[in-house]
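Just so it is clear, the structure is predicted and the values come from calculations on it, not from any experiment. Naming convention: chains lettered A, B, ... in sequence-line order (proteins, then strands); numbering from 1 in each chain.
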Amino acid sequence: MSEERTERATGLDELVRRRRANLEALRRSGVDPYGQRYQVSHACRQVVDGFDGLAGQPVRVAGRLMALRRHGGSAFGDLRDQSGRLQVYFRRDRLGAAYDLLIDHVDLGDILGVSGDVFRTKKGEISVDAAEYAVLAKCLRPLPEKWRGLKDIETRYRQRYVDLIVNPGVRETFLSRSLAVRSIRAFLDERGFVEVETPVLHTLYGGAAARPFVTHHNALDLELYLRIALELHLKRLVVGGLERVYEIGRVFRNGGISTRHNPEFTMLELYQAYADYTDMMALTEELVAHVFRTVRGTTSVAYQGQALDFSPPWPRLDFSEAFEKYSGVDVADLDDDARAAEVACRLELQLGRPPTAATVIEAVLDRRVLPNLVGPCFLVDYPLSISPLARRIPDRPHLTYRFEAICAGRELANAFSELNDADDQRQRFLAQAMERAKGDEEAHVMDEDYLRALEVGLPPTGGLGIGIDRLVMFLTDAPSIRDVILFPLLRPREEV
RNA sequence: GGGCCAGUAGCUCAAUGGUAGAGCAAGGGCCUUUUAAGCCCGAGGUUGAGGGUUCAAGUCCCUCCUGGCCCCCCA
């Protein structure tokens, strides 16, 4: 049936057919429509910015032909490369037969190399008077409309290459993302952190409460999991004496997809020996402020119309106080499952997991507490029941030295003083196993090797995790996480 | 998995249940300083797919597909 479709001359097929005919026509004229390397002397922007020194000088530029305004014996083209746009001027009296080839057989979207002299038109636009051009790649498919761009969200995500060509803001977003990640590395490197890479394929998944993706290694006949966090391997490295480590890496969580969740996303996690969560708070503020200054030039931005100021210090809110203030529930009462179930019922919480103390606390936190917090702020001293890897507060045994940075009602960072007491950690894992037995699939699994590492001795350590995608959403004012992920997961489609 | 919404030409969008249109792109002309170039001409459609109601369906009903938003999920 797909054969019928390709045989029938639809509009698209006809457009592609014409472009292919142009490709063949170029070949017949001795022009290779997939040219060789083109020695470029300037980026488009460099020509524009450097006009004063370049006027009358020859330059060689290359880019995609985005527009062609034909006037009979001459034509103005818009050439665009990564740096920006540059106008090129083609004249028959200079190019001769090559001019007619351009007019007849070069299509919008083709990638051209152009050499010629820099000049300024009567209307004042800096341009290149083409002495020669080369076709470097043929564009066989029509590009979306030039000034309204590509709006269809599905096509934008599925054909990101087209989205990047026709929607300039998209390129800006991903350049910002790149700059953000670079600025994070610079910030941490300067503070003596060592960047490492830990396995993506895990024999046990841990470090977060989430369901994993399962895969299989053939030679070992082994069930493996894509990592859901970086945490446990990085702390093993601190045990090994790498006192300041970080990793920026992809993690995978087998959950739902939404404007704030993609099944794979990028986490920064860092661990600092001999530090605690107060150090992590200071580090979080400084790091995030540094990234905003680097990328946006300011720490004061608007996110989806909401004013946010990331300049340190950020307010500290006590978890228990905030919890009670916004939910009317004393978190200390949520210490057994029966009472938790009662609260879940009273607050009409729909839970995907069994109503245990932990799951109810998390549900109340997510739905009743966080939406009220604009931030950025720190929510400090989390309950132990939802913090199986965090150090206990000695005189408040139901709480841990853990905080999350909250911004626009969502978690931006998660950090704690790491639990380094191997025996306490074992008890926590056992408690998690009981949660799992109650049906909570996201409860942490027992990890004997991690316990062995703790038995070797983890120094007191502060750990921090930041969701890079969410940070970039705030940096670029992106409403959906898909807008900051180049290729978000979509259900595959036969015909696009 | 549930609720709501959307899908019309390559792209962006129109069209009381009554002959499917426009702009851009593409095609044929004119045009050597335009920049959303302009002017003239012609073309382009299984209205996401499949059923149904009706004299008549892009429009109403049902099923399905894909996507979006909100739930669920995701500390």
| task | Please confirm whether R94(A) makes a cation-pi placement over Y99(A), using NZ or CZ under 6.0 Å from the six-membered ring centre and within 45° of the ring normal. | result | no
| Spacing between I257(A) atom CD1 and U66(B) atom C1', to the nearest angstrom | 13 Å
| request: Check every atom of U34(B), C69(B), U12(B) against the side chain of K123(A) and return the nucleotide holding the closest atom. | output: U34(B)
| In whole angstroms, how far is the P atom of G23(B) from the CZ atom of R148(A)? | 12 Å
| field | Integer-rounded Å distance: U35(B) P and M66(A) CE | value | 18 Å
| So, Q304(A) and D477(A): side-chain donor and acceptor under 3.5 Å apart, yes or no? | yes
| Mate of G42(B) where both pairing distances stay under 3.5 Å, Watson-Crick or G-U | none
| query | On a whole-Å scale, what distance lies between the P atoms belonging to A15(B) and C60(B)? | reply | 13 Å
| field | Working for ring-ring contact (aromatic ring centres under 6.0 Å, His included), residues F319(A) and Y382(A) | value | CA-CA 6 Å; F319(A) 181 97; Y382(A) 270 54; 4.5 Å; yes
| query | Quick check: does any side chain N or O of S258(A) sit under 3.5 Å from a backbone N or O of R260(A), one acting as donor and the other as acceptor? | reply | yes
| Gap separating the CD atom of E411(A) from the CG atom of L370(A), nearest 0.5 angstrom | 8.0 Å
| query | Counting any heavy atom closer than 4.0 Å, what does L150(A) reach on the DNA or RNA strands: base, sugar-phosphate only, or nothing? | reply | sugar-phosphate
| said: What's the gap between U16(B) and G45(B) when it is taken at their P atoms, as a whole Å value? | reply: 23 Å
| note | From the candidates U34(B), C69(B), C71(B), the one with an atom nearest any side-chain atom of T121(A) is U34(B)
| said: Using whole Å, what does the distance between atom P of nucleotide G10(B) and atom CD of Q159(A) come to? | reply: 13 Å
| query | So does T259(A) get a side-chain nitrogen or oxygen closer than 4.0 Å to the phosphate oxygens (OP1/OP2) of C70(B)? | reply | yes
| message | Can you check the distance between A43(B) and A9(B), where both ends of the measurement are the C1' atom (answer in whole Å)? | response | 11 Å
| task | Can you tell me, in whole Å, how much space there is between the C1' of G58(B) and that of A20(B)? | result | 8 Å
| request: Could you let me know what C60(B) is paired to, Watson-Crick or G-U wobble, both distances under 3.5 Å, or none if it's on its own? | output: G52(B)
| message | By the 4.0 Å heavy-atom rule, please label Y89(A) as base, sugar-phosphate, or nothing. | response | base
| task | Scan D152(A) against the nucleic acid and name what it touches under 4.0 Å (heavy atoms): base, sugar-phosphate only, or nothing. | result | sugar-phosphate
| query | Which nucleotide in the list G68(B), G10(B), G27(B) gets nearest to the side chain of R482(A)? | reply | G68(B)
| query | Roughly, in whole Å, what's the span from CG in L12(A) to C1' in U46(B)? | reply | 16 Å
| Is there a donor on the side chain of E145(A) or the base of G23(B) sitting less than 3.5 Å from an acceptor on the other? | yes
| request: Please measure how far the P atom in G21(B) lies from the corresponding atom in U46(B), and state the result in whole Å. | output: 14 Å
| remark: Across every strand shown, the nucleotide meeting Watson-Crick or G-U wobble geometry with C31(B) (both distances under 3.5 Å) is none
| task | Assign each of S127(A) and G149(A) to its nearest nucleotide of RNA chain B by heavy atoms, then name whichever residue's nucleotide is nearer the 5' end. | result | G149(A)
| query | Counting side-chain heavy atoms from CB outward, which of U32(B), C11(B), G68(B) is closest to D93(A)? | reply | U32(B)
| said: Over all strands shown, is N414(A) touching base, sugar-phosphate only, or nothing at heavy-atom distances under 4.0 angstrom? | reply: base
| note | Rounded to whole Å, CG of D366(A) lies from C1' of C71(B) at a distance of 14 Å
| task | Give the nucleotide from the list U35(B), C31(B), G10(B) with an atom nearest to the side chain of H71(A). | result | C31(B)
| query | R141(A) has an atom CZ; how far is it from atom P of A25(B), in whole Å? | reply | 20 Å
| query | Which nucleotide sits closest to the side chain of E125(A): C72(B), U35(B), G68(B)? | reply | U35(B)
| query | Looking at the side chain of N22(A), which of G67(B), C69(B), G27(B) is the nearest nucleotide? | reply | G27(B)
| message | Does R94(A) reach a base, just sugar-phosphate, or nothing at all? Heavy atoms under 4.0 Å. | response | nothing
| request: Look at all strands and tell whether G77(A) reaches a base, only sugar-phosphate, or nothing, counting heavy atoms closer than 4.0 Å. | output: nothing
| said: Using a distance-only criterion (donor-acceptor N/O pair, under 3.5 Å, no hydrogens), is the base of U33(B) paired with the side chain of R91(A)? | reply: no
| said: Need to verify one output field. Residue with the more 5' nearest nucleotide on RNA chain B, R69(A) or D104(A)? | reply: D104(A)
| task | Pick the P atom in U66(B) and in U53(B), then give their distance to the nearest Å. | result | 28 Å
| Can you tell me if the side-chain N/O atoms of R158(A) get under 4.0 Å from OP1 or OP2 in G67(B)? | yes
| In Å, rounded to the nearest 0.5 Å, how long is the span from CG of L204(A) to CZ of R227(A)? | 15.5 Å
| query | Just by distance, with hydrogens left out, do R482(A) and N262(A) show a side-chain donor and acceptor under 3.5 Å apart? | reply | no
| request: Using the P atom as the reference point in each nucleotide, state the distance between A25(B) and U63(B) in Å, no decimals. | output: 43 Å
| According to the Watson-Crick and G-U wobble definitions, with both distances under 3.5 Å, which nucleotide is paired to G1(B)? | C71(B)
| message | Let's test this: given Watson-Crick or G-U wobble pairing with both distances under 3.5 Å, identify the partner of A6(B). | response | U66(B)
| Options G68(B), C70(B), A26(B), nucleotide nearest the side-chain atoms of I153(A) | G68(B)
| Gap between atoms CD and P, on Q87(A) and U32(B) respectively (whole Å) | 17 Å
| Which heavy atom in R211(A) sits nearest to a heavy atom in I228(A), and how many Å separate them? | O-CG2, 4.2 Å
| Which part of the nucleic acid does R120(A) contact within heavy-atom distance under 4.0 Å: base, sugar-phosphate only, or nothing? | nothing
| task | Mind checking L365(A) for me? I need base, sugar-phosphate or nothing, with any heavy atom below 4.0 Å counting as a touch. | result | nothing
| field | Rounded distance in Å between the P positions of G38(B) and U33(B) | value | 15 Å
| said: Which residue is it: T400(A), D424(A), N420(A)? I am looking for the one with a side-chain hydrogen bond (donor to acceptor under 3.5 Å, both in side chains) to R391(A). | reply: N420(A)
| query | Out of U34(B), C69(B), U33(B), which has the shortest distance to the side chain of K122(A)? | reply | U33(B)
